[in-house]
Amino acid sequence: MISVPFAVSADERLDELMSELQGADSETAAQRLENQIITEWSKTGSPAMDLLLKRGRDALEVEDLDAALEHFRALTDHAPEFAEGWHGLALAYFEEERLGESMDALERVLALNPDHFGALRGVGAIHEQVGHEALAYRAYERVLELRPHDEDVENALERLESKVKGVSL
């Protein structure tokens, strides 16, 4: 009789990937792990919802924001517990400079997935854009805890540090 190792649950796999990401020793390793995590987060379990997610992302990629919003709204209506649908909606709203609606969608993402580094990065960007430097700084710090080696976030923290922590003499 052949012994088959027990299957690892999706949650266990995500925990493992997140742990590896936090300990990544290079940008290349972090990017590889991030892509694997996003792939896991993108699994809806429904072909119809997968299609809405794909169409929404494709529309965002070609900057067809009306179509992106339509697909992501449909996805969040039909699968309100699917964090990636809300994240896509947040990105589309952000691209339209509808920051309040984007922040609302990001809050939904984080309620469903508190470790969503992309949503935290969006929260930081919105807070920075509206002048809430301390809130932006805290969001960016959390991003780096979850996903080290993010040069843009490191630069944002450097840019905001003196505004948030003051200048030492």
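All values derive from a computational prediction rather than experimental measurement.
- At a cut-off of 3.5 Å, with distance as the only test, a side-chain donor of S42 or R57 sits close to an acceptor on the other residue.
- The hydrophobic cluster containing L65 also contains F72, counting ILVMFWY residues as joined when their side-chain heavy atoms lie under 4.5 angstrom apart, directly or transitively.
- Rounding to the nearest 0.5 angstrom, the gap separating the CZ atom in R138 from the CD atom in E133 is 12.5 Å.
- Shown here is R55, whose CZ atom has no more than 12 heavy atoms of other residues, nucleotides or ligands within 6.0 Å.
- For the pair E16 and R13, the salt-bridge criterion is met [side-chain N within less than 4.0 Å of a carboxylate O].
- Residues D64 and D66 meet the side-chain proximity criterion, which asks for heavy atoms closer than 4.5 Å.
- Checked by atom type and distance alone, the side chain of N155 pairs as donor or acceptor with a backbone atom of E151 at under 3.5 Å.
- A83 and V109 make their closest contact through O-CG2, 3.5 Å (heavy atoms, listed as atom of the first residue, atom of the second, distance).
- At a threshold of 4.5 Å between side-chain heavy atoms, the hydrophobic network of Ile, Leu, Val, Met, Phe, Trp and Tyr places L146 and L112 in two separate groups.
- Contact detail for L60 and E95: the closest heavy-atom pair is CD2-CG, 4.4 Å.
- For the atom pair Y140 OH and E145 CD, the distance stands at 15.5 Å (nearest 0.5 Å).
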> Step by step, would you call H116 with W86 a side-chain contact (heavy atoms from CB on, under 4.5 Å)?
Replying inline: CA-CA 11 Å; H116 198 294; W86 291 104; over 6 Å; no
> Can you list the steps and then say if H78 with M49 is a side-chain contact (heavy atoms from CB on, under 4.5 Å)?
Replying inline: CA-CA 8 Å; H78 294 291; M49 298 307 105; 3.6 Å; yes
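- In this structure, the separation between CD on E20 and CD on Q36 is 7.5 Å, given to the nearest 0.5 Å.
- A single hydrophobic cluster is seen to contain both V130 and M103, as judged by linkage of ILVMFWY side chains at heavy-atom distances under 4.5 Å, directly or through other members.
- Hydrophobic clustering, with ILVMFWY side chains joined whenever heavy atoms are under 4.5 angstrom apart, keeps L51 apart from W41.
- Ion pairing between E128 and K163 fails under the 4.0 Å rule for side-chain N and carboxylate O.
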> Which is it for R121 and D152 under the side-chain contact (heavy atoms from CB on, under 4.5 Å) test, yes or no, and what are the steps along the way?
Replying inline: CA-CA 10 Å; R121 191 173 180 188; D152 291 336; 2.9 Å; yes
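- Interatomic distance, CG of D115 versus CZ of R147, reported as 14.5 Å (0.5 Å rounding).
- No side-chain donor-acceptor contact under 3.5 Å links S19 to the backbone of D15.
- Between L120 and P114, the closest heavy-atom pair is CD1-O, 4.0 Å.
- One distance of note links CD of E84 with CG of L91; it measures 9.0 Å at 0.5 Å rounding.
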>> One pair to check against side-chain contact (heavy atoms from CB on, under 4.5 Å): V153 and F117. What are the steps and the verdict?
In response: CA-CA 11 Å; V153 172; F117 42 80; over 6 Å; no
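- In terms of heavy atoms, L89 sits closest to L69 at CD1-CD2, 3.7 Å.
- Pairing each heavy atom of L33 with each of A24, the nearest pair is CD1-CB, 4.3 Å.
- Counting only distance, with no hydrogens or angles, the side chain of T39 and the backbone of N35 share a donor-acceptor pair below 3.5 Å.
- Taking hydrophobic clusters as Ile, Leu, Val, Met, Phe, Trp and Tyr residues chained together by side-chain heavy-atom distances below 4.5 Å, V123 shares a cluster with L99.
- Atom OG1 in T44 sits 7.5 Å away from atom CG in L75 (nearest 0.5 Å).
- Summarising the geometry of S102 relative to I126, their closest heavy-atom pair is OG-CD1, 3.5 Å, with the distance given to 0.1 Å.
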